[in-house]
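Take a look at the structure set out below.
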There are 2 protein chains.
Amino acid sequence: MYDTFQQYLDSKITLTSDEKELIRSVSILKKLRKKQYLLQEGDVWKYHAFITKGCMRTYAVDDKGIEHIIYFGVENWWIGDRESLLNQTPSRLNIDAIEDVEVVLFTAPNFDMLCAKIPDFRDMIQAIISKSFNVNQTRILASISKSAEEKYLDFIQKYADFAMRIPQAMIASYLGIKPETLSRIRNGIAKK
Amino acid sequence: MYDTFQQYLDSKITLTSDEKELIRSVSILKKLRKKQYLLQEGDVWKYHAFITKGCMRTYAVDDKGIEHIIYFGVENWWIGDRESLLNQTPSRLNIDAIEDVEVVLFTAPNFDMLCAKIPDFRDMIQAIISKSFNVNQTRILASISKSAEEKYLDFIQKYADFAMRIPQAMIASYLGIKPETLSRIRNGIAKK
DNA sequence: TTTTCCACTTGATGTAGATCAATTTATTTC
DNA sequence: GAAATAAATTGATCTACATCAAGTGGAAAA
């Protein structure tokens, strides 16, 4: 189960066996059943988390009780709430498992230690954050400039590898539309 | 004109006079008239930029020729295109001056040198990036969960210090709505 | 001053997507 | 494998926002 993470590391950076062992020694393995929470609103998030198996979602619940999905995450993705972690404030987000899930966790102090001791590790993380920043920016642009259908087509193209694993109601939530609307959009696309 | 940037630095971190001098020595001052570009689509962005005076916008132009404003920036804000800078690829964005503007520029190599030599400087930049990441995330959530009126009210509250300096048509673009709609929203709010 | 030009408003109408309600189709669960 | 539960579709109607078109007011230009 740690193996998936090790393979991920090997694909990104070259590490000595001491470094590998150091990383492994501070990792925490965790399994979650479908629908279980990794983070609940109000709790303070303490980790950096990497998904080795399964599919998760990060979402906020509004004052009407409606869930709004901000991110999905699958194998080889990092997830968490950077804001809560950084400021050590109660999170406004929930993270739970859409499928049975396995994750590798690192506490913030251990993670920072790894970044300090292994420059390549830090650079890898920096690169991921930068990329993630750009993805968010692109999504903001899409949100102010594209129709629901365009956003859906972008989504299934960009996330073709896991889009079919996600219930449509959740994709609709992520896109900011209603499940009925997504159903009609799909119907429209199919007829073309 | 550099003074505003120096005051900003002093408010954030403590530097030796050598460090201050080092930073100053690699800074580039630039003035722009209203409507002039700092970055044009297709060009590769080479700098880190800090606004010391005036107001700017970052926007993309879609295939119908419509401008979509992604960010505004005023005094004491950093601006640029991290994606283009990081990958050294042609930018998909434009940055221009909404008012006459003064900026402080740092080339990427010089900026990285400053980050390497002055850890506090690097930490300051990291903190800004983290904060900016969180702001983007909050904006994504708003885009999928809030009405146009709510987004407008959020905007004028969050950016109360400069919102009135920005033409309404540009605020509308930033919010992803039409100027006519924003006008009606404002009218509705005023009548309450 | 008068002309020109934007920024903004207002009205009439159109449309994408929401809402509500009823089925149908898949998945779980026992 | 039937019953129960959840996910997705479909139809009718409603609403927020867009579009198109005129008109107003205020600042810059001449």
Side-chain angles (χ1 to χ4, degrees), chain A residues 32-36 54-55 57 59 62-69 72 96-101 141-156 162-192, chain B residues 33-36 55 57 59 62-69 72 96-100 140-156 162-192:
Chain A
L32 287 179
R33 283 291 174 74
K34 189 173 172 172
K35 295 194 181 177
Q36 278 191 306
C55 182
R57 62 177 180 153
Y59 61 100
D62 70 20
D63 37 357
K64 282 159 217 130
I66 300 167
E67 295 172 355
H68 301 282
I69 298 177
F72 295 110
D96 69 16
I98 298 177
E99 306 167 348
D100 291 356
V101 152
L141 175 57
S143 80
I144 61 174
S145 65
K146 295 198 173 184
S147 70
E149 177 170 341
E150 287 171 321
K151 283 183 250 184
Y152 173 66
L153 289 171
D154 285 358
F155 179 86
I156 55 173
F162 68 83
M164 61 290 295
R165 284 161 65 183
I166 305 204
Q168 283 176 50
M170 290 192 187
I171 295 178
S173 171
Y174 177 94
L175 297 175
I177 62 177
K178 298 293 141 182
E180 296 94 324
T181 299
L182 180 53
S183 175
R184 283 183 246 266
I185 286 170
R186 285 162 51 83
N187 200 325
I189 293 167
K191 279 181 183 156
K192 279 176 189 168
Chain B
R33 283 291 174 75
K34 189 174 171 172
K35 296 194 179 174
Q36 279 191 305
C55 181
R57 62 178 179 152
Y59 63 98
D62 70 19
D63 37 358
K64 282 159 216 127
I66 300 167
E67 295 173 355
H68 301 282
I69 298 177
F72 295 111
D96 69 15
I98 298 177
E99 305 168 349
D100 290 356
I140 288 170
L141 175 57
S143 80
I144 61 175
S145 65
K146 296 197 172 184
S147 69
E149 177 170 339
E150 287 171 321
K151 282 183 249 183
Y152 173 66
L153 289 170
D154 285 358
F155 179 85
I156 55 172
F162 67 81
M164 62 290 295
R165 285 162 64 183
I166 304 198
Q168 284 175 48
M170 290 192 187
I171 295 178
S173 171
Y174 177 95
L175 297 175
I177 61 178
K178 297 294 141 184
E180 296 95 323
T181 299
L182 180 54
S183 176
R184 284 182 245 266
I185 286 171
R186 285 162 51 83
N187 200 326
I189 293 166
K191 278 180 184 156
K192 277 175 191 165

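Each chain gets a letter, A, B and so on, in the order its sequence line appears, and its residues count up from 1.
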Handout entry: Whole-Å gap separating C1' (C:dA18) and CD1 (B:Ile144)
Key = 16 Å
Practice task
Kindly give the heavy-atom pair with the smallest separation between A:Ile189 and A:Glu149, and that separation in Å.
Solution key: CG1-OE2, 3.9 Å
Practice task
Figure out the CD1/C1' separation between B:Ile189 and C:dT9, and round it to whole Å.
Solution key: 15 Å
Practice task
Rounded to the nearest 0.5 Å, what's the gap from CD1 on A:Ile171 to CZ on A:Phe155? Could you check?
Solution key: 4.5 Å
Problem - Rounded interatomic separation in angstrom, taking CD1 from A:Ile98 and C1' from D:dA6 - result: 15 Å
Practice task
Taking only the side-chain nitrogens and oxygens of A:Asn187, find out if one of them lies under 4.0 Å from OP1 or OP2 of D:dT9.
Solution key: no
Fill in the blank from the handout: One should read off an interatomic distance between B:Asn187 CG and B:Leu182 CG, to the nearest 0.5 angstrom, of 11.0 Å
Problem - Check: A:Glu67 main-chain N/O paired with A:Ser173 side-chain donor or acceptor under 3.5 Å - result: yes
Fill in the blank from the handout: For A:Asp62 and A:His68, the nearest pair of non-hydrogen atoms, with its separation, is OD2-NE2, 2.8 Å
Practice task
Return the angle between end axes of the helix from C:dT1-D:dA30 to C:dC30-D:dG1, with five pairs used per end and rounding to 10°.
Solution key: 50°
Practice task
Would you check if A:Ile177 and A:Ile185 make a side-chain contact, meaning some heavy-atom pair closer than 4.5 Å?
Solution key: yes
Problem - Length of the CD-C1' vector between A:Glu180 and C:dA21, whole Å - result: 10 Å
Any N/O pairs under 3.5 Å between the protein and nucleotides 26-30 of chain C? List them or say none.
none

Handout entry: Whole-Å gap separating P (C:dA16) and NZ (B:Lys178)
Key = 14 Å
Handout entry: Residue pair B:Ile166 / B:Cys55, side-chain heavy-atom distance below 4.5 Å
Key = yes
Practice task
Check whether any side-chain nitrogen or oxygen of B:Thr181 sits under 4.0 Å from OP1 or OP2 of D:dC17, and answer yes or no.
Solution key: no
Practice task
Ignoring hydrogens and angles, state whether a donor on the side chain of B:Tyr152 or B:Arg186 is under 3.5 Å from an acceptor on the partner side chain.
Solution key: yes
Exercise for the section: Return the 5'-most residue of the pair B:Leu182, B:Lys35 with respect to DNA chain C, ranking by each residue's nearest nucleotide. Expected result: B:Lys35
Problem - For atom CD of A:Glu149 and atom P of C:dA16, their distance in whole Å - result: 10 Å
Handout entry: Side-chain donor/acceptor contact of B:Arg184 with base of D:dT15 under 3.5 Å
Key = no
Completion exercise
B:Arg186 atom CZ is separated from D:dC17 atom C1', nearest whole Å, by 17 Å
Practice task
Kindly give the heavy-atom pair with the smallest separation between A:Ile98 and A:Arg57, and that separation in Å.
Solution key: CD1-CB, 3.8 Å
Fill in the blank from the handout: Taking for B:Pro179 and for A:Lys146 the nucleotide of DNA chain C with the nearest heavy atom, the one nearer the 5' end belongs to B:Pro179
Completion exercise
Closest heavy-atom pair, B:Glu99 versus B:Ala97, reported as atoms and distance to 0.1 Å, is O-CB, 3.2 Å
Problem - Contact residues, residues 167-176 of chain B to DNA chain C [heavy atom, < 4.0 Å] - result: B:Pro167, B:Gln168, B:Ala169
Fill in the blank from the handout: From CD1 of A:Ile185 across to C1' of D:dT10 the rounded distance in Å is 15 Å
Problem - Rounded distance [0.5 Å steps], CE in B:Met164 versus CD1 in B:Ile156 - result: 8.5 Å
Problem - Main-chain N/O of B:Arg33 paired to B:Asp100 side chain as donor or acceptor, under 3.5 Å - result: no
